[in-house]
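Accompanying notes for the structure given below.
The model shown is predicted, which means the values in this text are computed figures rather than measured ones. Basis for what follows: all heavy atoms, side chains included, without hydrogens, waters or symmetry-related copies. So that the names make sense, note that chain A is the first sequence line, chain B the second, and so on, each numbered from 1.
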There are 4 protein chains.
Amino acid sequence: MVSTGKGSGPHRDGSGASGGGRRRGSVLASERREHLVRLAAELFAEKGYQATTVRNIADEAGILSGSLYHHFDSKESIVDEILSSFFDELNAANKAVLERGGDPRTVLAELVRNCFRTLVPHRAAVMVMQNDWNYLRRFDRFDYLARAEEETERLWVGQIERGQGTGLFRDDIDARLTYRMIRDTIWVAVRWFQPAGRLDAEGVADHYIAVLFDGISTGPR
Amino acid sequence: MVSTGKGSGPHRDGSGASGGGRRRGSVLASERREHLVRLAAELFAEKGYQATTVRNIADEAGILSGSLYHHFDSKESIVDEILSSFFDELNAANKAVLERGGDPRTVLAELVRNCFRTLVPHRAAVMVMQNDWNYLRRFDRFDYLARAEEETERLWVGQIERGQGTGLFRDDIDARLTYRMIRDTIWVAVRWFQPAGRLDAEGVADHYIAVLFDGISTGPR
Amino acid sequence: MVSTGKGSGPHRDGSGASGGGRRRGSVLASERREHLVRLAAELFAEKGYQATTVRNIADEAGILSGSLYHHFDSKESIVDEILSSFFDELNAANKAVLERGGDPRTVLAELVRNCFRTLVPHRAAVMVMQNDWNYLRRFDRFDYLARAEEETERLWVGQIERGQGTGLFRDDIDARLTYRMIRDTIWVAVRWFQPAGRLDAEGVADHYIAVLFDGISTGPR
Amino acid sequence: MVSTGKGSGPHRDGSGASGGGRRRGSVLASERREHLVRLAAELFAEKGYQATTVRNIADEAGILSGSLYHHFDSKESIVDEILSSFFDELNAANKAVLERGGDPRTVLAELVRNCFRTLVPHRAAVMVMQNDWNYLRRFDRFDYLARAEEETERLWVGQIERGQGTGLFRDDIDARLTYRMIRDTIWVAVRWFQPAGRLDAEGVADHYIAVLFDGISTGPR
DNA sequence: CATGAATGAGGCTTCATTCAT
DNA sequence: AATGAATGAAGCCTCATTCAT
């Protein structure tokens with residue numbers, strides 16, 4: 001996981017107890033932990049966060065539910081790990097695009113590609129954001145996600161407005177409204193998108209970019 | 001509620017028990033019932049279906065939770081009423097558009113407008129569909145909603161393909177993929193759309209139609 | 001229960017839900033509630049607060065543990081009710097003594113008698129204070145008890161010092177230290193005192209007052 | 001630890017397992033063990049026996065909770081060690097006083113001083129006895145403590161009655177009742193007594209002895 | 001039509017303890 | 001002598017639902 005600071009990152013639980021000098025031990029521990037996170041992520045994606053019980057997760061791992069608390073101090077901290085890892089990766093990728101620069105059309109296209117590329121390895125996290133955010137947002141510990149999203153909005157809207165300023169994009173559309181439509185369309189695709197299907201992540205991204213920039217109509221605008 | 005048949009309509013449970021011979025009484029009862037449904041809908045929209053307890057609903061109505069069961073025989077039947085009423089209205093409107101006919105571009109634009117128009121009075125239902133469908137879909141009683149959606153998909157995809165056939169729409173896009181993107185983008189807007197804001201339902205619909213047909217770019221395609 | 005205000009009184013749980021116009025209902029409800037409190041009090045006294053489970057209480061009442069939460073919103077709120085009721089009664093009695101006035105020896109003797117008199121009907125509360133206060137004090141909700149005790153200390157110390165000022169009490173003893181010894185000796189007696197035994201509350205109080213004022217020695221001081 | 005026989009001493013469990021043939025090793029082990037007992041004692045005194053988890057103790061020692069079981073075979077055996085060491089020391093001191101002999105007033109005064117002197121180094125044990133005995137007494141393994149207390153009661157009551165017989169002490173007081181009051185008052189002082197405060201152990205003992213023998217009043221009895 | 005009480009299933013979490021490494 | 005993982009029992013609490021009054 002690439003923790004980018006900026007207040008992101010899960011509220012990790014008192015790992016202080018597990019000392020820190022040994023080598024193999026902590027690597028293995030972390031492997032076990034990541035395995036459990038992956039199992040939980042799949043269940044959260046499939047059944048939803050609330051409907052997934054810690055027993056479901058433990059069953060999947062072949063242990064008792066209480067044993068999960070050797071690795072995590074709450075169900076929340078598991079989903080936190082899932083979500084923060086997703087946001088960290090996406091933010092890092094977006095930052096890289098911005099640093100590479102380019103005209104707004106290129107930047108926007110790359111941002112779209114970032115999303116679809118991140119969607120594949122973080123399918124569960126995106127699923128949770130789509131289905132369970134309305135529940136999770138009530139917990140203070142997830143405030144950092146709302147703040148991360150606000151920052152992302154500023155980034156996209158900035159590019160759209162820059163494009164309108166240089167005449168690349170139509171002037172009669174609302175930048176913020178447009179951003180939200182783009183964002184939602186992309187992420188909500190997680191509900192049906194199958195990388196193994198006819199179109200892979202790049203394919204869907206290209207399809208989406210095509211429609212986004214030029215619409216579905218033929219002929220002159 | 002306009003029950004359009006076709007398997008739609010909530011699975012109302014043993015309404016025979018309380019629907020005795022009274023006339024005026026049942027009108028009042030029905031008003032009370034609709035009031036309770038509205039209260040529940042708002043809570044479902046705000047906190048999510050699972051996170052809303054029957055006690056929350058009862059509190060809002062100023063009664064005890066057990067008393068709700070004089071009006072509904074389960075929490076599921078409440079949300080069923082909310083969702084079926086939304087789908088009934090939308091299906092009816094879509095059918096009307098199809099009957100009016102017209103070229104695919106016109107029809108598609110009208111279908112988009114239907115959605116945004118329905119979104120306003122059925123905000124809660126759309127919210128529930130966006131946030132809680134992943135949970136609700138597991139119950140057999142809601143199968144009818146999945147079937148309704150399949151029918152709607154056929155309807156839209158049919159129009160898009162007709163448009164591609166007549167050269168109105170680009171040939172290099174995937175009709176089903178495009179439909180899903182359109183659908184998701186529209187409904188997910190319920191998360192931020194505020195009819196009292198800068199743009200009303202028609203305004204947002206127009207904005208969306210503009211981008212959909214012609215993209216956000218300027219200049220030749 | 002005589003709620004004397006002054007920040008005392010348990011954090012009573014949202015009784016707002018149970019409306020308030022009916023007569024017999026709320027009286028009965030309150031009777032049931034008090035019955036449960038009494039059962040819990042006896043268990044807390046016998047086994048300790050922590051070692052008493054909500055199941056123990058429910059079993060004693062012949063209901064399921066979850067059903068307790070129809071009457072209380074937590075185990076803490078039950079013990080709160082027990083303790084606040086005890087403190088309220090004691091504070092009220094002490095206030096009455098102060099208002100009657102008299103020389104410090106008389107007042108002190110009456111305060112002692114107050115304690116032993118209150119001990120009998122509130123045996124469980126005193127037991128909990130002796131055995132479980134070290135645990136309960138960690139919860140903010142019980143801060144009011146610590147504050148009540150501070151006020152009582154001021155009251156007693158005031159009387160002892162007044163007695164020293166008028167030459168009634170020895171000058172070579174520490175008022176605060178003496179108060180604490182008196183207080184502790186009295187309340188800790190709950191561990192062995194049995195009202196049905198050889199001495200009743202008044203008898204033990206008199207015995208204690210005799211030793212307190214004149215010591216156990218014979219002959220000149 | 002001075003194990004005085006008479007059923008005292010902790011129920012040490014299978015120490016044969018870890019007490020192999022090493023000499024220097026067992027001294028070090030014993031030091032480590034005593035260190036852990038001291039850490040545990042402080043936590044028990046502060047938070048109570050039940051509320052202190054073995055993990056709390058292990059954290060304090062900088063090890064994992066499972067590792068404690070190389071030194072003790074249960075949480076009970078730790079508190080047993082704390083309490084038996086306290087009782088052993090007190091009993092030995094009391095025996096020495098009895099052996100020195102003297103008139104009941106002198107003996108009683110010395111017994112009181114014994115208590116306050118023992119209280120300081122065994123603060124935690126006394127705290128546990130005050131706060132957690134009601135819980136611990138349910139375990140057979142602590143029966144020996146109840147028996148030790150009975151023996152002590154006989155010892156004190158014997159001295160009081162001897163004093164009443166020789167006319168040193170008032171005849172109108174109950175020996176057993178008086179003993180319990182003295183005992184409770186002394187030990188419960190652990191809740192507020194601070195050796196570093198205005199009065200040290202001897203000072204508090206003298207204060208207490210003065211009030212005990214002559215009361216707080218001035219003038220003739 | 002509502003109340004008040006209860007059910008029963010289940011949820012998350014804690015914790016003393018065990019044991020292979 | 002310690003770790004890291006797990007157990008198993010239990011704890012407090014929640015919630016949809018039922019039902020006599």
Original post:
Rounding to a whole Å, what distance do you find between D/Phe72:CZ and E/dT18:C1'?
Top reply: 18 Å
Subject >> Closest approach of A/Asn134 to B/Glu46 (non-hydrogen atoms, all atoms of both residues) >> reply: ND2-O, 3.4 Å
Subject >> Closest non-hydrogen atom pair, B/Lys75 against B/Tyr49 >> reply: NZ-O, 3.0 Å
**OP:** Could you verify whether a donor N or O on one side chain and an acceptor N or O on the other, from D/Tyr135 and C/Asp132, lie under 3.5 Å apart?
**Re:** no
Original post:
Are the side chains of B/Glu42 and B/Glu60 in touch, meaning some heavy atoms are under 4.5 Å apart?
Top reply: no
**OP:** Rounded to the nearest angstrom, tell me the gap between atom CD in D/Glu31 and atom C1' in F/dA1.
**Re:** 16 Å
Subject >> Distance in angstrom units between B/Asp59 CG and E/dA2 P, rounded >> reply: 14 Å
**OP:** Scan side-chain atoms only and decide if A/Asp80 and A/Ser77 contain a donor-acceptor pair under the 3.5 Å cut-off.
**Re:** no
Original post:
Considering only heavy atoms from C-beta outward, does the side chain of D/Arg141 approach that of D/Ser74 to under 4.5 Å?
Top reply: yes
Original post:
Which whole-number value in Å describes the distance from D/Ile57 CD1 to E/dT17 P?
Top reply: 10 Å
Subject >> Integer-rounded Å distance: E/dC15 P and D/Leu43 CG >> reply: 13 Å
**OP:** With DNA chain E as reference, determine whether C/Leu36 or B/Leu36 sits nearer its 5' end, using the nearest nucleotide of each.
**Re:** B/Leu36
Original post:
Phosphate oxygens OP1/OP2 of F/dT3: is one of them under 4.0 Å from a side-chain N or O of A/Arg32?
Top reply: no
**OP:** Summarise how protein sits on nucleotides 7-14 of chain E as a single string, 5' to 3': B when a protein heavy atom is under 4.0 Å from the base, S for sugar-phosphate-only contact, - for no contact.
**Re:** BB--SSBB
Original post:
Using purine N1 to pyrimidine N3 plus N6-O4 or O6-N4 for Watson-Crick, or N1-O2 and O6-N3 for G-U wobble, each under 3.5 Å, what pairs with F/dA20?
Top reply: E/dT3
**OP:** Return no unless some side-chain N or O of C/Arg33 is found under 4.0 Å from OP1 or OP2 of E/dA5.
**Re:** no
Original post:
Would you say C/His70 reaches F/dT14's phosphate, i.e. side-chain N/O to OP1/OP2 under 4.0 Å?
Top reply: no
